[in-house]
Amino acid sequence: MVRRLSDSAYDDLSEAELDARLERFHAQASPAQREGGLPLSASLIMLVFALTGWVASLELVLSEKIRLADPQASLSCDINAFVSCGKWIGSWQNELLFGISNSVVGLAFFSGVTALALVFVSGGRAGRHLWQALSIALSIGMVWVLWFQYQSFAAQGSLCPYCYLVWLATIGLFVSVWSRSLQAGHWGERLVRCGQMLVRNRFLIVGVWYAALILLTALWLWGMSL
């Protein structure tokens, strides 16, 4: 967000400072972004989302370990008949990738994203192909999230709390990474303007997405309680 200045304050700005403010106003990528970097604020947001997904995945791994040791154990995420992660442990939906638990895959993925976010926070940069690979990986992750939401709300009638946190983290990362990747020209100059539009509206997009998901969840819980 660009802070509004008075006319006299604008007169005191240097040409470089004016150019920088115009770049932020129009969501233009800085030279560092063009070279694979990320602004500090965006890096911190990426780190928060990645850590949220990592912690949720770790809690799922620990819950699976407890349930494997004692099939009758009560898990912290088993809130009621409709909100529970215990129902998903051992199910085919939880072992889509060659029988590997989704939580283990998620833990590995969010660990990688967390490490990359720390690189950006420290001022490091990533190559164009890495940005593209991360964008594609998050697209696959979003397909998985949408599929698992269908399984939760429509097919199984059970909502996993930790999975819900993974959904929120994946949505935030998906919007953030794609908008910044397009803005910086990692997918070609033709899509830069699209990236700039997404960067300007990224908080609105994520907020509307979250609101729609929360509303769907509330309606689903209300329907299940009837």
Side-chain angles (χ1 to χ4, degrees), residues 1-5 13-58 105-146 165-210 213:
M1 181 179 293
V2 180
R3 182 170 57 88
R4 184 177 178 84
L5 300 178
L13 294 177
S14 66
E15 184 175 347
E17 290 173 328
L18 285 172
D19 289 341
R21 292 186 66 86
L22 285 173
E23 285 180 359
R24 290 196 297 271
F25 180 78
H26 294 291
Q28 295 176 352
S30 67
Q33 286 179 263
R34 288 283 188 171
E35 296 175 2
L38 196 62
L40 179 59
S41 59
S43 302
L44 292 173
I45 290 173
M46 182 179 179
L47 181 61
V48 169
F49 283 135
L51 284 174
T52 299
W54 185 85
V55 170
S57 297
L58 178 61
V105 176
L107 188 64
F109 175 73
F110 286 114
S111 295
V113 179
T114 298
L116 185 58
L118 288 172
V119 170
F120 290 139
V121 168
S122 64
R125 299 170 185 179
R128 174 185 179 185
H129 294 303
L130 182 55
W131 273 101
Q132 292 177 341
L134 180 59
S135 301
I136 293 172
L138 283 167
S139 297
I140 296 173
M142 274 308 310
V143 171
W144 176 86
V145 165
L146 294 173
L165 288 177
V166 170
W167 298 351
L168 297 178
T170 304
I171 291 170
L173 284 171
F174 176 77
V175 174
S176 179
V177 168
W178 266 107
S179 62
R180 292 295 182 176
S181 181
L182 292 171
Q183 178 202 29
H186 299 314
W187 291 92
E189 294 300 319
R190 292 183 179 180
L191 297 175
V192 167
R193 291 180 65 85
C194 177
Q196 292 171 346
M197 181 275 293
L198 290 174
V199 168
R200 286 195 298 268
N201 298 283
R202 62 194 184 281
F203 295 121
L204 176 62
I205 294 171
V206 173
V208 171
W209 203 331
Y210 281 178
L213 180 57

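Reckoned from all heavy atoms, side chains included, excluding hydrogens, waters and symmetry mates.
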Practice prompt. Quick one: which residue pairs count as a side chain to side chain donor-acceptor pair (under 3.5 Å) with a foot in residues 168-180, not counting sequence neighbours?
Written response: Ser139-Trp178, Arg180-Gln183

Practice prompt. State, to 0.1 Å, how close Gly106 and Ser57 come at their nearest heavy-atom pair, and which atoms those are.
Written response: C-OG, 3.5 Å

Can I get a per-line list of side-chain donor-acceptor pairs under 3.5 Å for residues 35-49, giving both atom names and the distance, sequence neighbours left out?
from: Glu35; atom 1: OE1; to: Arg125; atom 2: NH1; distance (Å): 2.0
from: Ser43; atom 1: OG; to: Leu38; atom 2: O; distance (Å): 3.4
from: Ser43; atom 1: OG; to: Pro39; atom 2: O; distance (Å): 2.8

Discussion item. Quick check: do Leu173 and Leu134 have side-chain heavy atoms less than 4.5 Å from each other?
Written reply: no

Worksheet item: Can you check whether Val192 reaches Arg34 side chain to side chain, under 4.5 Å on heavy atoms?
Response: yes

Worksheet item: Do Leu168 and Leu213 pass the side-chain contact (heavy atoms from CB on, under 4.5 Å) test, and can you show the C-alpha distance, the side-chain angles, and the key distance before you say yes or no?
Response: CA-CA 9 Å; Leu168 297 178; Leu213 180 57; 3.9 Å; yes

Item to complete: Report the residues that fulfil side chain to side chain contact (heavy atoms under 4.5 Å, CB included) with Ile140, sequence neighbours left out, ordered by chain and then residue number.
Response: Ile136

Fill in: side chain to side chain contact (heavy atoms under 4.5 Å, CB included) partners of Arg193, counting only residues at least two apart
Gln196

Practice prompt. Output all residues satisfying side chain to side chain contact (heavy atoms under 4.5 Å, CB included) with Ile205, sequence neighbours left out; order by chain, then residue number.
Written response: Val175, Leu198, Asn201

Worksheet entry | Value rounded to 0.5 Å, distance of CG in Leu182 from CZ in Arg190 | 14.5 Å

Hey, can you pull the donor-acceptor pairs under 3.5 Å for the side chains in residues 108-123, sequence neighbours left out?
from: Ser111; atom 1: OG; to: Trp54; atom 2: NE1; distance (Å): 2.9
from: Ser111; atom 1: OG; to: Leu107; atom 2: O; distance (Å): 2.6
from: Thr114; atom 1: OG1; to: Phe110; atom 2: O; distance (Å): 2.7
from: Ser122; atom 1: OG; to: Leu118; atom 2: O; distance (Å): 3.2
from: Ser122; atom 1: OG; to: Val119; atom 2: O; distance (Å): 2.7

Response to the item:
Scanning both residues in full, the closest heavy-atom pair of Ala56 with Val166 reads CB-CG2, 3.7 Å

Discussion item. Checking Trp187 now: which residues fulfil side-chain hydrogen bond (donor to acceptor under 3.5 Å, both in side chains) with it, not counting sequence neighbours?
Written reply: Ser181

Fill in: Any Trp167 side-chain heavy atom under 4.5 Å of Tyr210 side chain
no

